[in-house]
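See structure below.
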Amino acid sequence: MKIVVIGGDAAGMSAASKAKRINKSAEVIVFEKGNYVSFAACGMPYYISGVVSDVQSLVHYPVEKFVIERGIDVRLGSEIISINPALKSVSVKKRDGTIVNEIYDKLIIASGASPKIPSFFKNYKNKYVLRWLEDAIKIKSETKNAKEVVIIGAGFVGIEMAEAFKISGKNVIMVEFLSRVLRGYDEEFGVEIIKTLTKNGINVRLNEEVTSVVADGTTIKSIKTKSGNEYHGDVFFISVGITPNVSFSQNTGISLYDDHGGKSDGAISVNDRMETSIPDIYAVGDCATTFDLITEKNIYYPSATTANKQGRVAGENAAGGHAVFKGVVRTDVIKIFDIEVGRVGLTVEEASYEGFQPVTKSIKAGTKANYYPGKKDIMVKFIADKKSHRLLGASLLGGEGVAKRIDIISEALMKKSTLEDMLNIDYSYSPPFAPVWEPLYIAAEVLLSKIMNGE
């Protein structure tokens, strides 16, 4: 059996490794366009800031480990340009420009996604995006002497890069099209995030749609916005979303995701076995859909942990196994200077759209016993269904302990827990780690009381 994998990052190498473990006699070939496989993409901002000093530490395993120890044929500098399902072959463009065809028995697409770049940015040398390890190396090298950085987009990557550039000694302006930072968080959280960014020297400008650039040759000098403002800089970092890398799947019959608005995001539709609409072709990671356990619908929600898990499922099934990927509840967590922020599940707007009757309430509590030194504040917002009391989502912000609590809520959402269930969890307690009344307990109690009182 020959198993071909397109893409050598988290999902692709997880798939290849699992396939080889399940079927040791299978020939497993990985085609990777870049120079690295199995690297920690989420760690790249910390390399750029200097928190992580050695870029090689972001490489989980060198290529040699996969080739020598696992028997996987890894081919770097190899770009897939087309797939022919009828012939069960892929066309590969090598570094020297030659094109070769490779036959497969099973094909796993793990091609990831690429940053969106507005057309008026594309021909300039001092604009940057961050997706691959080569991007991080380039940014670190080429921006070390820059003084003024303009970041377009205030999502997760934009905020992480704002912190990275600030730590490395640069002045940072963040320009965001929306009226808030971090899409998916409501205004009260956005206000606190902006306070933290501002306190740490980040100039945040909301409701600013970038429409053009002012350049000198191939160097951008400033950007202009729809409101008439102009922002000058040495470096322009773009973080306005991603697009699945699936151009090579055109004219193959592989079905793409169509969301509830009738708009295709371009991701490949898969089932719980990671199978596409074409037999013997699988798709995983940031180029594929996943299953939402709350709405019970396919969605596009790229995530590093999801990519790894989906890769293992596809690899096992391609090698003859019978694995399934149950789905996600949309967990996010981010460090922003001295605070932690996280969310999981549905927003109020999403819950309403899905037919729930969402009610919500925010509370503030401490992360340790009141008398214990170092107690920090944490804000917890629960969203629940008014009729069933089922927990639907949550947002958290605080000085510590956010990720731990997000994981607890994630498990609760996967089990379709109610607010009453949240009151019955046996939360851990010790003064250095949590107050006797756990903030999640308080949040559930306050929201349940609101529902019972008809508010």
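Of the possible donor and acceptor atoms, none in the side chain of Thr331 sits under 3.5 Å from a partner among the backbone N and O of Val344. Under a 3.5 Å cut-off, the side chain of Ser78 and the backbone N or O of Leu76 do form a donor-acceptor pair. Looking at Asn453, its side chain never comes within 3.5 Å of a backbone N or O of Glu455 through a donor-acceptor pair. With hydrogens and angles disregarded, no donor-acceptor distance shorter than 3.5 Å links the side chain of Glu79 to the backbone of Lys33. Of the possible donor and acceptor atoms, one in the side chain of Lys140 sits under 3.5 Å from a partner among the backbone N and O of Tyr47. In this structure a side-chain-to-backbone donor-acceptor pair under 3.5 Å is present from Glu134 to Asn35. The backbone N or O of Gln357 lies less than 3.5 Å from a partner atom in the side chain of Asp385, making a donor-acceptor pair. Between the side chain of Thr367 and the main chain of Lys376, a donor-acceptor pair closer than 3.5 Å is present. Put simply, the side chain of Thr198 never gets that close to the backbone of Lys195: no donor and acceptor are under 3.5 Å apart. Checked by atom type and distance alone, the side chain of Arg343 pairs as donor or acceptor with a backbone atom of Gly184 at under 3.5 Å.
The pair Lys297-Glu350 does not meet the salt-bridge criterion, since no charged nitrogen lies less than 4.0 angstrom from a carboxylate oxygen. A salt bridge between Asp421 and Lys415 is absent, with no side-chain N of the basic residue lying under 4.0 Å from a carboxylate O of the acidic one.
Within 6.0 Å of the CZ atom in Arg312, the count of heavy atoms belonging to other residues, nucleotides or ligands does not exceed 12. No more than 12 heavy atoms of other residues, nucleotides or ligands shown are found within 6.0 angstrom of CZ on Phe177. The local environment of NZ in Lys361 is sparse, with at most 12 non-hydrogen atoms from other residues, nucleotides or ligands closer than 6.0 Å.
Looking at Asp407 and Ser410, their side chains never bring a donor and an acceptor atom within 3.5 Å of each other. Judged by distance alone, the side chains of Glu354 and Thr295 never bring a donor and an acceptor atom under 3.5 Å apart. Side-chain contact annotation: Glu275 with Asn317, donor-acceptor N/O pair under 3.5 Å absent.
Stacking of Lys106 on the aromatic ring of Tyr282 is not recorded, the 6.0 Å distance cut-off and the 45° axial limit not both being met.
The CD1 atom of Ile383 sits 10.5 Å away from the CD1 atom of Ile409 when rounded to the nearest 0.5 Å. Note that CD1 of Ile108 is 12.0 Å distant from CD of Gln310, once rounded to the nearest 0.5 Å.
Remark: Phe66 pairs with Tyr61 by the ring-ring contact (aromatic ring centres under 6.0 Å, His included) rule, at least two apart or across chains. Remark: Ser249 engages no residue in a side-chain hydrogen bond (donor to acceptor under 3.5 Å, both in side chains) (not counting sequence neighbours).
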What donor-acceptor contacts under 3.5 angstrom involve side-chain atoms of residues 424-434, with partners at least two apart or in another chain?
unit_1: Asn424; atom_1: ND2; unit_2: Glu420; atom_2: O; d: 3.2
unit_1: Tyr427; atom_1: OH; unit_2: Met422; atom_2: O; d: 2.7

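For Val380 against Ala443, the heavy-atom pair with the smallest separation is CG1-CB, 3.6 Å.
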